[in-house]
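Read through the structure below, which is laid out as structure tokens, and then see the notes.
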Amino acid sequence: MKKYWLIGLYALALTSCDSFLNCEPENSFSSEGFLESESDLRLYTNGFLQSFLPGEETIAWGGDQYADFCATRSSTTFLIGDTWDDTQQGGWGTGDWGDLRQINYFLDNLPNAKGKVTDVIYLHNEGVGRFWRAYFYYGMVRTFGDVPWYETTLDVDNRDELYKPRDKREVVMDKILEDLDFACINCSTDKTLTESSTLITKWVALALKSRICLFEGTYRKYHTELGLQNSAEKFLRASIAASEELMTKGPYKLLNTGDVETQYRTLFTSEELNTTEVIWGIAFKKDLRMHSITWKLFSASFGANWSLVRPFVNMYLMRDGNRFTDRTDYATMQYMDEFQNRDCRLMQTVISPSYQRKISGTVKPDAPNFSMTSTGYQLIKWAIDDDVHVGKATANNSIPIFRYAEVLLNYAEAKAELGECDETVWNATVKPLRERAGVEGKIPATYDPYVAAYFKNQTTDKWVLEVRRERGVELAFEGVRYDDIMRWKQGDLIENVWQGIYIPQKGEAYDLNGDGIKDVAVVDKEPPADEKIKGVQYVVIGKTNRLSEGDHGYIEFGFSQGRKWDDKKYLRPIPLTATQINPALLPQNPGW
């Protein structure tokens, strides 16, 4: 371990200048005597996990909290008004490009191990290095579009490479695909790796390829301004191929305990990563490695009131497979009723009327708390149902990064986008996901006009719309929704006012969970102490919230935050600090 940390310190030293692209890498750090044995390779590649693995909160809500279906106490400055510019943008500094340097350093020096380890071990480690390079560049392309591609550790004398212009998106994405293909062929499927769900394997590489290629294929299809529509199919086919290989040759399947009301959520609240379905994840262990997610979800100050919004909640189907929005009373249905006979993932994602948790050592019914939710649809998907974890970073539930469920949905969506979704595809993908949630998996006869309207009538293809519905419901708060909205070119959904539960009458107190105790009242001002009903939370409407119809309607929130979408926000600006050092990075991204 000491050896690894020394390597890390040297890597930092080599990237400690103002910008990676302005670095003058020293040649004083010799690789002699290192990266020559299997243990050396394992030590270095395990360091990639420590350095590059996304954090638990990035997965649990980081990528979703600023998407269309999530209300949050405050928005990111990037989405507020039109004040963001290249002076505020990060992501191009020493630490960012230093990550790539560590990867390329490993790949450049990997030949030290030739003849000293088996070919299988050598190729696996090259695959791991190329996996991480693809992972790094995928993040850069999503953020900036065109970026300079480097596949070797830069030398101080190579000024042309240090100050090169950005490479086109299509060039970089082709390089990413090459790296992924290599990793998918050469990374190991050894049981000692796959049973951990934390290390890079062939299956993890295939899952990443499935995700990245779906992203790029649909991005090119819908972002016609790029002029890359003709190459969209190549990436959709690559996503299908990766997904099919996992589906037919991989060891994974959907977790199915038989209890439709609990089995989905156990994937997110259990200490052990479930290797039946989880392909890759972050492991936590009681008293060894813990986190604060439960605390943040049940804290009025520490969290950000992450909540689902009513227009998205409306997409959850009835258990008989029919649409909730086909009901004549769906728009004015109250919280107590709207969970009845619905897709069981709803009650396992947010607090429902039947929700219970341990409070002061006793299991009790628990209603939404409006100091912790802005809409009434309070997130619980990642929470342990015990208030002993509130106020402490003691939660030990492990965090899936890639699940088999996502692979099924990637496959179904790519097929749908190519016009190839049919009963066979449906039965292998969407149907088993719905049946696990207690929903009849029948194929809809026609497209859903509600879902079509939600996505601005971009398409009326029933297969595409149903897969989008299913993807949102199955993968809610797993860090993929914002990217989905970006690739579908649906960024203006982010401007929507956040609507919550339906309140029939302002000033009336309502029992939300049927325990005979009134829980909430929406009022113009808080009543005097002697007029308050015990146990009732008084939600005072004002500058930040309101009822949609004035004296009744949906609780609305977020309209005062000033969120504003502009199509230039599909990409971030190249930071000013970078373009000042290397003017060849210009021209700036469109609109910035």
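Below, each value reflects all heavy atoms present in this structure, side chains not excepted, and no hydrogens, waters or symmetry copies.
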Is it possible for you to check whether [X] lies under 6.0 Å from the centre of the six-membered ring of [Y], through NZ or CZ, and within 45° of that ring's axis?
X      : Y      : result
Arg310 : Tyr502 : no
Arg342 : Phe324 : yes
Lys489 : Tyr222 : no
Lys568 : Trp592 : yes
Arg436 : Tyr264 : no
Arg563 : Trp498 : yes
Lys381 : Phe477 : no
Arg73  : Trp306 : no

Are the side chains of [X] and [Y] in touch, meaning some heavy atoms are under 4.5 Å apart?
X      : Y      : answer
Tyr450 : Arg323 : no
Leu53  : Ile401 : yes
Asp343 : Arg434 : no
Pro444 : Glu466 : yes
Asp511 : Met336 : no
Leu409 : Val407 : no
Glu478 : Arg403 : yes
Val539 : Asn545 : yes

Between [X] and [Y], what is the shortest heavy-atom contact and its length?
X      : Y      : answer
Ala67  : Arg481 : CB-CG, 3.6 Å
Val536 : Ala509 : CG2-CB, 4.1 Å
Glu413 : Trp488 : OE2-NE1, 2.9 Å

**Message:** Taking atom NZ as the centre, does Lys532 end up with more than 12 heavy-atom neighbours from other residues, nucleotides or ligands that are less than 6.0 angstrom away?
**Reply:**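 Yes, because the 6.0 Å sphere around NZ of Lys532 holds more than 12 heavy atoms from other groups.
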
**Prompt:** If you draw a 6.0 Å radius around NZ in Lys286, do more than 12 non-hydrogen atoms from other residues or ligands fall strictly inside?
**Reply:**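 Open.
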
Could you state the interatomic distance from [atom1] ([X]) to [atom2] ([Y]), rounded to the nearest 0.5 Å?
X      : Y      : atom1 : atom2 : result
Gln499 : Leu547 : CD    : CG    : 11.0 Å
Arg487 : Thr218 : CZ    : OG1   : 4.0 Å
Asn397 : Glu271 : CG    : CD    : 9.0 Å
Leu408 : Lys431 : CG    : NZ    : 14.0 Å

**Prompt:** What about Phe144 and Trp92, are their ring centers closer than 6.0 Å?
**Reply:** yes

Between [X] and [Y], do the side chains contain an N or O donor and an N or O acceptor separated by less than 3.5 Å?
X      : Y      : answer
Trp84  : Asp86  : no
Asp85  : Thr87  : yes
Tyr411 : Glu406 : no
Asp461 : Thr459 : no
Asn369 : Gln537 : yes
Tyr335 : Asn513 : no
Asp385 : Tyr355 : yes
His389 : Asn396 : no
Arg471 : Asn410 : yes

**Asked** So, does Ser548 use its side chain to make a donor-acceptor pair with the main chain of Tyr554 at under 3.5 Å?
**Response** yes

**Message:** If we ignore hydrogens and angles and just use 3.5 Å, is the side chain of Ser239 paired with the main-chain N or O of Ser210 as donor and acceptor?
**Reply:**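 Pair found, side chain donor or acceptor close to backbone of Ser210.
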
**Message:** Between Asp524 and Lys506, does the salt bridge (charged side-chain N to carboxylate O under 4.0 Å, His left out) criterion hold? Intermediate values first, please.
**Reply:** CA-CA 8 Å; Asp524 288 319; Lys506 182 172 63 177; 3.1 Å; yes

**Item:** Member of Leu512, Asp519, Thr375, Val522 meeting the side-chain contact (heavy atoms from CB on, under 4.5 Å) criterion with Phe370
**Value:**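 Only one of Leu512, Asp519, Thr375, Val522 forms a side-chain contact (heavy atoms from CB on, under 4.5 Å) with Phe370, namely Leu512.
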
**Item:** Qualifying residue, where the test is side-chain hydrogen bond (donor to acceptor under 3.5 Å, both in side chains) with Tyr454 and the options are Asn314, Asn496, Asp68, Thr325
**Value:**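 So the option named by the test is Asp68.
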
**For Phe215, all residues meeting ring-ring contact (aromatic ring centres under 6.0 Å, His included), sequence neighbours excluded** =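 Once residues adjacent in sequence are excluded, the partners of Phe215 under the ring-ring contact (aromatic ring centres under 6.0 Å, His included) criterion are Tyr138, Tyr219.
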
